[in-house]
Every structure is written in structure tokens, then in C-alpha cells.
Amino acid sequence: MTVAHSHRFPTAVNPINISLLSKQLLHLGRTNNNNSGTFSEISHQRELLVSSLISKLDDCINLNQIKQIHGHVLRKGLDQSCYILTKLIRTLTKLGVPMDPYPRRVIEPVQFRNPFLWTAVIRGYTIEGKFDEAIAMYGCMRKEEITPVSFTFSALLKACGSMGDLNLGRQFHAQTFRLRGFCFVYVGNTMIDMYVKCGSIVCARKVFDEMPERDVISWTELIAAYARVGNMESAAELFESLPTKDMVAWTAMVTGFAQNAKPQEALEYFDRMEKSGILADEVTVAGYISACAQLGASKYADRAVQIAQKSGYSPSDHVIIGSALVDMYSKCGNVEEAVNVFVSMNNKNVFSYSSMILGLATHGRAQEALDLFHYMVTQTAIKPNTVTFVGALTACSHSGLVVQGRQVFDSMYQTFGVEPTRDHYTCMVDLLGRAGQLQEALELIKTMSVEPHGGVWGALLGACRIHNDPYIAEIAAEHLFELEPDIIGNYILLSNVYSSAGDWGGVLRVRKLIKEKGLKKTPAVSWVVDKNGQMHKFFPGNLNHPMSKKIQDKLEELVERLTALGYQPDLSSVPYDVSDNAKRLILIQHTEKLALAFSLLTTNRDSTITIMKNLRMCQDCHMFMRLASEVTRRVIIMRDNMRFHHFRSGACSCGDFW
DNA sequence: TTAGGGTTAG
């Protein structure tokens, strides 16, 4: 093949462009016929002027500067040059100037508008979020019989994606193909993105499969789309077949696993990425930290901090890293460190505040959480979002602050325009329910404009268990069993309500129901991590631990010392119809007590004991931990499936309200 | 001109 036939040099020029070009040249000539220079000299001078103005536009940082240049353009008679006006409009878009009225008016006097000028306007409206206007501009452009370029379709497909308008997206897909095909990879990529945003991953995949040429962006878009819908198998399969994996593609996998509650896999992919010699950036590291937060153990937290430091991302300078660390430290039981990170952050956004508020809330520091919330909404320009309100309401519900909770709930929509979702109703039902206002909680559910989900009824049932109300419990359970028929915890809750009321017949009925459904009880487990990073798990009455004998002895000793302080086992915490003595034996084998005894035997006297548990702690264990913190003079941090309890000098951070 | 972003309750 000779050079003349190379695809980079088209053999024929589009006839429309030729006529456009000649008309523009004529126009330039007309505006300069008072000048003595030759036509080519004049156009050369003009070219120089245009290129100098274009580079000036690149440096513009505000609207006034652009308007000055525009004035210059008009004075010099360059107002018909699509080239410079396109650049002008793109600069306005870059600075976030709304298309109406100014940028839009710039193109009106232009006699022969080319596709690039139109596209700049379409793109401007798309980025501004005025999608209907963008589409309307395309209509005007077609009316002038201007043939769109690839870039035009890219802007239009982006608008369809943002609108989520699949039908319109399909139409533009067809038009793109008819007029341009997949002439550039980025057009195909925008098409994939459009289908993904419209919720049709199948169509996105079809585009991907049919593209004659793909790049790493095409792959990553699809991988991230699979991850977003929770299909990590397809994401991983696609990723493995990607020939050259770049940092963004790796990040899509790491964050994908983290978002889909597969933290261990997220860490594995991160390690693989490091081994393949690709450096992480702040987004990758934030994904890694999020995975560590889910694992909830300090050994992962330490590693996450090391990685962030090694990569050069300090929490004080990188909001994403800072916010992720605030969340991670809170979830790993170290709320003090979460506060330290938060305070050190130079830039904070709604993620940072929401994470901190939620962290304080789950650690029982309700007043601080509410103070921070109020500080945020009154002293900063940051707008609270739906998660922020979950945090503020959680703070109230975990501390019984009914009045404040109601205020926050009412202000949500009235003051901040945030519509309460089912999750916020869950918090409110939890708040009222825990405070003993079960009837009010039930009434609140009835006022909901959306259908309540399992969370709402679950909160009510949980409150019924605390306050022993079998009547409302049955109403809640009826709805709950319909919405979440396979979650064993719901049945156990109802069973516990019956057992607290001494209704053993009710207990038997629920047990039969569980058996019929073939559901398996989740075994309780508590765990601690020793100073070598080794995890030790404890199951109920599990005597297989190598230190089992010592643990039992330690517990016996502890019970003796606690009894001297007035400890009486809370037999109502055992939901079985057995003898009192049997109840005592069951209670002393609760997993968190085993974990406590183990920690007392294996840790330094001045270190904090952190215990994690997969289920809710019972009343007896709560009292036990409280008293144990007094006699042993140790700080015990205990995380159950809901929240953190900090036991210190015989008191708990939750104020016994939980 | 196109890709990855951290916080959610019972």
C-alpha cells in the first residue's frame, strides 16, 4: 500500500464542507476588501490572530475575560469564524457558565454554523443538565442541513444516558451507526456508557462485542457496570480477558468487590495489582480502605494506613482518603482515631461529615454527633444528604433522644428539601420503639407514603422484643415474614418476644415455622484479634480452644468477683424453657464472655480489649461487661451486629439504652 | 472524546 492510499488521508472531501468553506472564505474576503494586502496575506494574518486568541481562551479563568476576548473577536470581524467561537463556547462550558442567555446568543449572528459549533452548544447544554435543550439544538442543526460529526453523537448519547432515556438512546445509536459507524472508539465507549446508565447492560455488552476496535476504557466501563449490578463473576471474567490492565481497570475491580460486600477479594485484587507493578491512586486506596472497614479488624486498618502513606496520600489533603479512614476507624472500634483523622482534614465534604456523624452515633456519642450535624448545616456550605440524616437520626435512636429526633426528621424535608426514605422511617420507628412508644411507631408506619420495607417492620419488631409487647410484635412479624421470609433473625426476634412473656406455646409455633421453612439458626460467634494479628473465634460453649481450661477458670473467678459487686445472672436473657440452673450454665458460655476471659488472660493490663460479635448482645452480657470493666479496671469495646459499646469503670457509653 | 470514587438503617 502506498502512502497516498493510507487511511489517514481521505481521498475525497465531503461536498458540504467545501461549499461551507468557500462561503466562509468569501465572507472573510468581503470584510477585508478595504485592506491593501493580498487575499492570502490577509488570511495568514487572520490565522495568526485566531490562534493567538485561542491560546488566550485557554488561559481564561472567568466570564469577564471571555467577554473581553469576544469583544475583540467582534471588533476584528472574526465573528463568523466557527473555529474561534467553538473554542469560546467550550471555554464557557468548562467554566460552568449556563448556556442561557450568553453562550447561546454567541452563535445566533453566525451565518454558516458548522457541526463543531453546534456540537459545542449541544455539549454545553448536556453538561449543564438541560437535556431537552441539547436535543432541541440537535434538531435546529439538522434543520440547517448540517451533517453531525462523531463528537455530536457523543454529546447526544451522553445526554440520553444522563436522562436514562433508553428509547431516545436507541434512536441515536441507529443514527450514529448510519452516519458514522463506529468511526472512533470513544463513540462506541459513550454508547456503552449510555446503555449502562439506561439500565440495559445487555445492550451495552452487545455494543462492546460488535465494536471493531476496543480500548481499555471500553472494558472498564463494562466491568464497572457489572460490578454496579452486583455481578462480580462477569466483571472478573471480563477483567481476566482484558489484555493490558491499567490502574483504573484494577480500581474498578477493587472497589467493585468492596461495594459488593466481598472485602477479602478486594484485598486480593489490590495485592495482585501491586505485584503486577501498577501504582495505586487515591481512588484505589479508598476502595482498599473501604474493604478493610468491612473486615472491621485493626490489623487491616493498620495495613490500610500503611498503604495510604506509602502511596503518598495523606488524609489531611485527600478528602476521599480521609473520609474512608474516618469510616474505617469507626467500624474497627477506634472512634478516637476516626475523630483525629476528621479533625486533621483540610477539606471536608458531605461524605466526611456523614461518616463522622454515623461513627459517633454508633459509638453512643449522640450529643457530639448532633452537635457536628448542627455545625455542618449552620457553619459550612455543605448540604446534608440522605445518608447524613440517617446518621443524625441513628444518633437519636441509639440514645433515646425522641424530641431531637423528631426535630431532625421534620426538618429534613421542610428545611433541607431531602425527602425521607424508608430508611429514615426505619430510624424513626427504631427511635420511638426503643423509647417505648410502640403505638406511635406503628401509627408512623401507617402515615408512610411509600410501602414500608423489611427494615421498618424489623425495627418495630426489635422494639417489641425490648419492651415485651407480643400484640404489636405479631402485627410487625406478619408483614416482616412476608417481605423477608428467609431471614432467620426475624423469627428468632418473635420467638424471643414470646419467651420473655413466658408464652412457650408461641415459642413452639415459631420454632415449627422455622423448621417448615428449612431455615438454619445463625450460630453466635465472637472474635478478638491478638497482637500478632491472629484472629481467635469463640463459639457458644466451645471447649476446643487450646486455652479452654484457663478460660473457664478465669470466668469462674470473674463471676465470683462480680457477684461480690451484686451481679445476678439475668435469667430472662435465655429464651429456652429450661431450669434456672441450666439457664445459668448457658449464660456463662455466651461467646463474648469467653472472648473477654481470653483477652484478660492474653493482653497487657493497660490495653483496650476489643471484641466483635455477629449477633446482638444479651442483657446479661451487657451487665457482665459493665461490671467486669469495673473490677478489672479495663476498657472493653464491644461491637455487636448493630453498634459499639464502650465499657469503662462500670458504665457503658450507651447509658444502658440499646 | 470516552473509564474507576469514600458514607445507609432494623
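Within every chain, numbering begins at 1; the chains are lettered A, B, ... in the order of the sequence lines, protein sequences first and strands thereafter. As the structure is a prediction and not an experimental result, all values here were calculated from the model.
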Mind checking if A:Met356 touches a base, just sugar-phosphate, or nothing, with heavy atoms under 4.0 Å?
nothing
Review point. Touch check for A:Lys331, heavy atoms < 4.0 angstrom, all strands: base, sugar-phosphate only, or nothing?
Key: sugar-phosphate
Any base atoms under 4.0 Å from A:Arg465, or only sugar-phosphate, or nothing? Heavy atoms, all strands.
nothing
Kindly assign one of parallel, tilted or perpendicular to the pair A:Trp250 and A:Phe239, based on the angle between their ring planes and the thresholds 30° and 60°.
perpendicular
- Message: Taking CD in A:Glu478 as the centre, count heavy atoms belonging to other residues, nucleotides or ligands within less than 6.0 Å. Is the count above 12?
- Response: no
The correct set of residues in residues 256-272 of chain A placing a heavy atom under 4.0 Å from DNA chain B is A:Gln259
Nearest heavy-atom contact between A:Asp209 and A:Arg214 is O-NH2, 3.3 Å
Counted 5' to 3', the first and last nucleotides of DNA chain B within 4.0 Å (strictly under) of a heavy-atom of chain A are B:dT1 to B:dG10
Residue pairs meeting ring pair (Phe, Tyr, Trp, His ring centres under 6.0 Å), one or both in residues 204-234 of chain A, sequence neighbours left out, come to A:Phe208-A:Trp219
Closest non-hydrogen contact found for A:Ala258 with A:Gln294 is O-NE2, 2.7 Å
Legend entry - Validation row: A:Leu325, A:Glu337 side chains within 4.5 angstrom (heavy atoms): no
_Less than 6.0 angstrom separating the ring centers of A:Phe172 and A:Tyr138, yes or no?_
yes
Paired with A:Asn347, the side-chain contact (heavy atoms from CB on, under 4.5 Å) test is passed by just one of A:Val319, A:Asp317, A:Ile320, namely A:Val319
